[in-house]
*Asks:* 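Got a structure for you, questions after.
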Amino acid sequence: MNSSDSKSETVTVEKRKTQRSVLRRFLDFYNQQEIARPLIPFIVILIASITLSPQYFLSPSNLKVVLFQSAPITLLALGEGMIIIMGSIDLTPGSVAGLSALITGLVTLSTGNIVLAMTIAVLAGLAVGSINGLLVSKFKVYSFIATLAGLEIWRAVDLTITGGSPIYGLTQYSFFMNDFHTFIPLIFIIALAINLVFWYLLTRTTWGRIIYGIGSNEEAVRLAGTHADLAKFLAFAIAGLLYGLAGVMLVPTGGYVVDPWTAYGYELYAIAAAVLGGIALTGGTGHPIGPFFGALILTILTDILIIMGITQYTIQEIIIGIILIAAAPALTRGLRWVK
């Protein structure tokens, strides 16, 4: 072997080492930085959407629709994500949001006062969340069982109070679409602002540290003398409040129509957005901003499918489900398996 071949081989080996080093540093960053777990998939999905149809996807009207549709899912995912960080699960987001949407419609029709309607609807969500919190923290019912029962009960209540009839013409809630001459609607700004508030609560307050602590090692939190049961109760109550507000937002995003099946199955969207947001089902880990990106990922995925001409709802759900299965191992890389 002559000297030039030897030098060429040495350069090739060095390049491979450099590439492996860069990849290793990237994976270390991905595993260590919780915000990287949802941010990187979000960027990938964004690039894919722009590549497929830049003129359509980047049009102000389409961007407005994406942000508009993601807002209620963001709030559902934020409440669910907080519960999952705590090491529990909540199966009531869809039924509570549906109940809240129906209450919004009924009170609006009977009084014409949208402020009163929204207040009662959000308080209804808070009440349901408080019931869940009491069952889990005071009566020690497993969160899965307590909220599974709630899922059935509140959906039945939805059917009962309406007699199965939809409520039309709730155009009073069109103000949520106000975009202030941009492509960013008011509904999205509200969801983002709430997400930032909960980022502060979960990362900068004692209560937030207790929530993470319960998810990591509840026994250690209790031995430390903290009010673990109160923290659990507050988490479920606040999650219910978020579901209630999401229900109000579903009135305009649902075409100003609500019915007993509004938000049906949205508990799965909430869990999916939380997982896509990098929140591990093991509890105790995950960035509070993750659900925001998870909700956007889900919404953009639907938009991509529409760009590709896949408009059938059932096909969209199957494809999104497959993507979730494929994405979950990557998003939980380096974490212990689900409890």
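All values below come from the heavy atoms of this structure, side chains included, with hydrogens, waters and symmetry mates left out.
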*Asks:* Are the side chain of Thr253 and the backbone N or O of Met249 linked by a donor-acceptor pair below 3.5 Å?
*Replies:* yes

*Asks:* Would you list the pairs meeting ring-ring contact (aromatic ring centres under 6.0 Å, His included) in which at least one residue belongs to residues 159-197, sequence neighbours left out?
*Replies:* Phe188-Phe292

*Asks:* Run the side-chain donor-acceptor check on residues 38-53: report pairs under 3.5 Å with partners two or more places apart or on a different chain.
*Replies:*
from	atom 1	to	atom 2	distance (Å)
Ser49	OG	Ile45	O	2.9
Thr51	OG1	Ile47	O	2.7

*Asks:* Contact between Leu250 and Val258 at the side-chain level, heavy atoms closer than 4.5 Å - yes or no?
*Replies:* no

*Asks:* Does Met177 reach the side chain of Leu186, with side-chain heavy atoms less than 4.5 Å apart?
*Replies:* no

*Asks:* Using only atom types and a distance under 3.5 Å, with no angle test, would you say the side chain of Arg155 pairs donor to acceptor with the backbone of Gly94?
*Replies:* yes

*Asks:* Any side-chain heavy-atom pair from Val122 and Leu241 closer than 4.5 angstrom?
*Replies:* yes

*Asks:* Provide the closest heavy-atom pair for Val107 versus Ala117 in the form atom of the first, atom of the second, distance.
*Replies:* CG1-CA, 3.6 Å

*Asks:* Going by side-chain hydrogen bond (donor to acceptor under 3.5 Å, both in side chains), name the pairs with one or both residues in residues 135-152, residues two or more places apart or in two chains.
*Replies:* Lys140-Asp229

*Asks:* So, using side chain to side chain contact (heavy atoms under 4.5 Å, CB included) as the criterion, who are the partners of Leu305 when residues are at least two apart?
*Replies:* Ile310, Gln316, Ile319, Ile320

*Asks:* Check whether any side-chain heavy atom of Pro288 lies under 4.5 Å from a side-chain heavy atom of Tyr212, and answer yes or no.
*Replies:* yes

*Asks:* List the residues meeting salt bridge (Lys or Arg N to Asp or Glu O under 4.0 Å) with Arg209, not counting sequence neighbours, and say none if there are none.
*Replies:* none

*Asks:* Please list all pairs passing the salt bridge (charged side-chain N to carboxylate O under 4.0 Å, His left out) test where one or both residues lie in residues 181-197, with sequence neighbours left out.
*Replies:* none

*Asks:* So which residues get pulled into Trp261's cluster when ILVMFWY side chains under 4.5 Å apart are joined, directly or through others?
*Replies:* Leu159, Tyr264

*Asks:* Taking all non-hydrogen atoms of both residues, which atom of Leu276 and which atom of Gly294 are closest, and how far apart?
*Replies:* CB-CA, 4.1 Å

*Asks:* Does any pair with a residue in residues 54-74 pass salt bridge (charged side-chain N to carboxylate O under 4.0 Å, His left out), and if so which ones, sequence neighbours excluded?
*Replies:* Lys64-Asp179

*Asks:* Test: salt bridge (charged side-chain N to carboxylate O under 4.0 Å, His left out). Region: residues 232-259. Which pairs qualify, not counting sequence neighbours?
*Replies:* Glu218-Lys232

*Asks:* Measuring from Ile167:CD1 to Leu106:CG, what's the distance to the nearest 0.5 Å?
*Replies:* 3.5 Å

*Asks:* Is the backbone of Ser100 close enough, under 3.5 Å, to the side chain of Thr104 for a donor and an acceptor to pair up by distance?
*Replies:* yes

*Asks:* Would you check if Ile307 and Asp303 make a side-chain contact, meaning some heavy-atom pair closer than 4.5 Å?
*Replies:* yes

*Asks:* As an exercise, state the distance from CD1 of Ile306 to CD1 of Ile300, rounded to the nearest 0.5 Å.
*Replies:* 12.5 Å

*Asks:* From Asn195 CG over to Leu192 CG, what is the distance, rounded to the nearest 0.5 angstrom?
*Replies:* 7.0 Å

*Asks:* For residues Val257 and Pro166, report the shortest heavy-atom separation together with the two atoms involved.
*Replies:* CG1-CB, 4.4 Å

*Asks:* Please list all pairs meeting salt bridge (charged side-chain N to carboxylate O under 4.0 Å, His left out) that have one or both residues in residues 114-134, counting only residues at least two apart or in different chains.
*Replies:* none

*Asks:* List the residues meeting side chain to side chain contact (heavy atoms under 4.5 Å, CB included) with Gln55, not counting sequence neighbours, and say none if there are none.
*Replies:* none

*Asks:* Mind checking the CG-OG1 spacing from Asn132 to Thr92? Nearest 0.5 Å is all I need.
*Replies:* 4.5 Å

*Asks:* Side-chain donor-acceptor pairs under 3.5 Å in residues 67-80, sequence neighbours left out?
*Replies:*
from	atom 1	to	atom 2	distance (Å)
Ser70	OG	Val66	O	3.4
Ser70	OG	Leu67	O	2.9
Thr74	OG1	Ser70	O	2.8
Glu80	OE2	Asp90	N	3.1

